[in-house]
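Below: the structure, in structure tokens.
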There are 2 protein chains.
Amino acid sequence: MAATIGDVARAAGVSRSTVSYALSGKRMISDETRERIQAAIDELGFTPNAGARALATAQTNVLGLYLQFQEDEFAPAMLQYVLPVSTTAREHGFDLLMVTDTDLVGAVTRTTSSYMVDGVVLLDVTYDDVRLEPLRRASQPAVLIGYARDAEGFDSFDLDFGEAARLAIDHLADLGHRDIILMTPPEHVVARGGSYVWRFRDAAVERAARYGIHLTAHYGDSRQPGIRESLDAAFAASPAATALIVHNDATIAALPSYLNDRGLRSPDDLSVVGVFSREFGQTFSLPYTAVETSPDRLGQLAVQQLIRRIADPAEAGVPVVRLIEPSLTDRGSTGPAA
Amino acid sequence: MAATIGDVARAAGVSRSTVSYALSGKRMISDETRERIQAAIDELGFTPNAGARALATAQTNVLGLYLQFQEDEFAPAMLQYVLPVSTTAREHGFDLLMVTDTDLVGAVTRTTSSYMVDGVVLLDVTYDDVRLEPLRRASQPAVLIGYARDAEGFDSFDLDFGEAARLAIDHLADLGHRDIILMTPPEHVVARGGSYVWRFRDAAVERAARYGIHLTAHYGDSRQPGIRESLDAAFAASPAATALIVHNDATIAALPSYLNDRGLRSPDDLSVVGVFSREFGQTFSLPYTAVETSPDRLGQLAVQQLIRRIADPAEAGVPVVRLIEPSLTDRGSTGPAA
DNA sequence: CTGAAAGCGCTTACAG
DNA sequence: CTGAAAGCGCTTACAG
């Protein structure tokens with residue numbers, strides 16, 4: 001039904017190989033021939049068949065994006081990574097197969113071993129991510145957005161959460177705060193292997209100790225009333241706290257309302273530092289100074305590296321674990337300790 | 001490198017066609033042969049090559065999911081549709097190509113005319129959606145989630161927003177409310193062709209008039225401080241209003257905080273009815289009675305219909321525009337008019 | 001119950 | 001500067 005390269009060749013009075021080369025530019029074609037071919041293509045509305053091309057070249061121009069939607073997590077946070085990954089992929093001529101199967105291992109195996117994708121982007125990587133094992137058997141390269149215990153053989157990109165914590169603590173220490181509350185992601189995120197929880201927390205604890213700062217860490221929640229209750233508990237345990245660090249998407253999104261309920265204003269009554277992206281802050285109109293998580297930058301770097309590796313596995317060199325440097329954006333929610 | 005059907009055939013001592021038929025079950029294979037083939041498959045770790053299969057069968061088992069991320073819209077709302085579409089597709093053996101190009105027409109043309117997908121799911125459909133034109137030229141079937149002026153030739157699924165409005169008005173009328181504020185989606189959504197804005201609003205206005213209810217509709221915003229300002233303006237314009245209908249995701253997500261700021265409690269000071277999904281309400285812990293938008297149901301119905309049409313274009317019959325019946329979930333945020 | 005062969009629509013050495 | 005032919009890895013009539 002649809003025109004094939006043979007139809008174009010016939011209409012232009014050339015061979016199929018000539019049409020193919022005209023399309024790919026892989027060899028010189030006379031102007032006259034090229035024009036005849038182009039006219040035939042336009043007239044017939046020809047587009048190369050992706051399956052046939054994939055079979056002939058062993059390349060699909062599709063990347064797999066693997067993500068998990070967890071019932072008990074704050075879904076909007078994941079979305080920030082999807083768009084930059086998709087955009088960067090398209091800039092390099094790749095489409096995106098979005099895989100959300102709950103059978104994580106099966107999904108990776110199925111899509112890689114059938115050669116549906118040229119490369120793999122893993123989102124929401126956990127410390128002992130079960131997807132890494134099937135990925136090692138795969139012949140396609142993979143990139144992780146996140147941090148795994150044994151990322152040997154894979155490129156990994158993540159925020160430097162240790163440095164993020166030090167930035168937050170330094171900022172508050174400079175302002176004279178000596179009693180700080182840290183709200184972390186929920187405990188089940190730790191159980192699942194969300195390493196950013198303890199990487200941030202441990203670094204914060206250590207840095208605070210160095211300043212002689214009293215820091216207490218509490219698990220936050222991702223749903224009400226848990227969000228509110230965990231904050232209540234944290235404030236009750238540290239009545240003299242003058243600053244709050246929130247490393248928890250659902251909690252920071254709910255914080256304006258919570259502080260209002262308690263009649264607290266930042267920075268006058270309480271200094272607040274969040275950990276979230278510019279996009280997230282904008283979506284939820286968050287008025288807080290924050291350590292930026294830069295999902296757009298991570299997504300872009302990850303996809304670029306993956307595509308480099310697809311294009312030239314040898315050239316791309318040894319796999320790297322790259323922790324990108326966070327920065328702090330001051331939105332005026334911190335001030336001198338009371 | 002990877003095993004092909006020829007390798008399996010050789011190892012099992014049968015022909016390639018026999019392996020193929022054993023895989024598809026399209027003809028009888030003796031138990032003994034089948035076992036030898038299965039053993040060879042297991043040993044070699046064989047998985048059929050998706051590109052080769054697509055070329056031979058003219059079927060990719062991939063659906064295209066086309067969505068637009070608008071800078072000025074509340075992104076989390078879109079996510080609710082993605083998961084049910086993905087889940088339903090997988091239940092029927094289809095994977096999902098997620099297409100987010102800003103060049104909407106080009107993206108549809110590119111992916112359909114190269115036969116990357118067997119069918120198309122259009123999300124975030126506008127009244128004069130530019131994607132419909134390239135879709136008419138495509139040979140694959142398509143389904144719209146949303147409502148277009150001329151959906152001729154396509155299956156469409158959307159909530160019955162007219163009925164949704166009537167449900168909300170009836171509910172409040174029964175409770176004796178006679179002065180109601182309606183916050184609609186932002187004005188730019190109307191400009192873009194988001195028909196749900198006026199379908200809901202017009203039906204609400206008409207229904208209210210029938211009861212002799214004073215209803216004033218205001219455009220809400222999707223970002224602060226616009227969200228707050230539009231609510232302020234609405235309350236200023238209707239100081240005697242006893243009820244609020246919110247048909248705006250960003251506004252309803254911000255409402256708990258806003259009402260708190262103003263010292264208003266629902267249902268005592270103000271009855272509140274939202275228009276949002278169960279999932280959305282859960283993510284944002286919204287304590288409001290709401291007309292459910294059922295994105296999971298819409299996504300599932302849409303994909304099922306699309307797959308039916310792919311499987312048997314003739315059997316599936318004439319394209320339908322199906323508006324699903326909303327229902328109201330009482331969460332106790334409405335009460336008798338003061 | 002099974003096999004040999006053609007065909008799906010491309011790309012790319014090989015030849016000239 | 002261009003063509004004829006092989007090959008990518010499947011599926012499916014056609015034959016027996």
Side-chain angles (χ1 to χ4, degrees), chain A residues 1-38 40-41 44-62 93 110-118 139, chain B residues 1-38 40-41 44-62 93 110-118 139:
Chain A
M1 54 194 324
T4 73
I5 200 170
D7 299 327
V8 173
R10 198 173 316 116
V14 297
S15 72
R16 297 189 302 155
S17 54
T18 299
V19 176
S20 178
Y21 283 118
L23 245 34
S24 69
K26 288 191 180 172
R27 79 179 179 195
M28 294 281 76
I29 307 283
S30 72
D31 286 356
E32 200 229 308
T33 304
R34 193 205 327 286
E35 280 159 23
R36 281 217 314 283
I37 291 174
Q38 190 55 55
I41 288 175
L44 297 171
F46 168 72
T47 309
N49 180 293
R53 184 172 266 180
L55 182 56
T57 62
Q59 164 130 22
T60 62
N61 283 306
V62 172
R110 177 172 61 79
T111 50
T112 55
S113 64
S114 64
Y115 293 90
M116 297 184 77
V117 299
D118 294 335
S139 59
Chain B
M1 55 194 321
T4 71
I5 200 171
D7 299 328
V8 174
R10 198 172 317 116
V14 298
S15 72
R16 298 189 301 154
S17 55
T18 300
V19 177
S20 178
Y21 284 118
L23 246 33
S24 67
K26 288 191 180 172
R27 76 178 183 195
M28 294 279 79
I29 307 283
S30 72
D31 286 355
E32 198 229 311
T33 303
R34 193 205 327 287
E35 278 159 24
R36 281 218 315 284
I37 291 175
Q38 190 54 54
I41 287 176
L44 296 171
F46 168 72
T47 309
N49 179 293
R53 183 171 267 181
L55 183 56
T57 61
Q59 164 130 21
T60 62
N61 283 308
V62 173
R110 177 171 62 78
T111 50
T112 55
S113 63
S114 64
Y115 293 90
M116 298 183 76
V117 299
D118 294 336
S139 58

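Each chain gets a letter, A, B and so on, in the order its sequence line appears, and its residues count up from 1. On a predicted model such as this, the values are computed, not experimentally measured, just so you know. Side-chain atoms are counted along with the backbone in the values below, which use heavy atoms only and exclude waters and symmetry mates.
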Closest contact, heavy atoms only, [X] versus [Y]:
X	Y	value
B:Ala2	B:Asp7	O-OD2, 4.1 Å
B:Gly93	B:Asn61	O-CB, 3.8 Å
B:Val14	B:Val19	CG2-CG2, 3.8 Å
A:Ala50	B:Met116	CB-CG, 3.7 Å

> Which pairs count as side-chain hydrogen bond (donor to acceptor under 3.5 Å, both in side chains) when at least one residue sits in residues 22-31 of chain A, sequence neighbours excluded?
Replying inline: A:Ser30-A:Thr33, A:Asp31-A:Arg34
Check: [Y] and [X] side chains under 4.5 Å, non-hydrogen atoms:
X	Y	value
B:Asn49	B:Thr4	no
A:Ile29	A:Tyr21	yes
A:Leu23	A:Ile41	yes

To the nearest Å, how far apart are [X] [atom1] and [N] [atom2]?
X	N	atom1	atom2	result
A:Tyr115	D:dC10	OH	C1'	15 Å
B:Ile5	D:dT12	CD1	C1'	12 Å
A:Arg53	D:dG9	CZ	P	18 Å

>> So if I define the base as every atom that isn't primed, P, OP1 or OP2, how would nucleotides 1-8 of chain D read as a B/S/- string at a heavy-atom cutoff under 4.0 Å?
In response: SBBB-BBB
>> If a pair means Watson-Crick or G-U wobble with both distances below 3.5 Å, what does DNA chain C look like in dot-bracket form, with | marking bases paired to a different strand?
In response: |||.||||||||.|||
> When all nucleic acid strands are considered with a 4.0 Å heavy-atom cut-off, which category describes B:Thr47: base, sugar-phosphate, or nothing?
Replying inline: sugar-phosphate
> Would you say a side-chain N or O of A:Lys26 is under 4.0 Å from OP1 or OP2 of C:dT11?
Replying inline: no
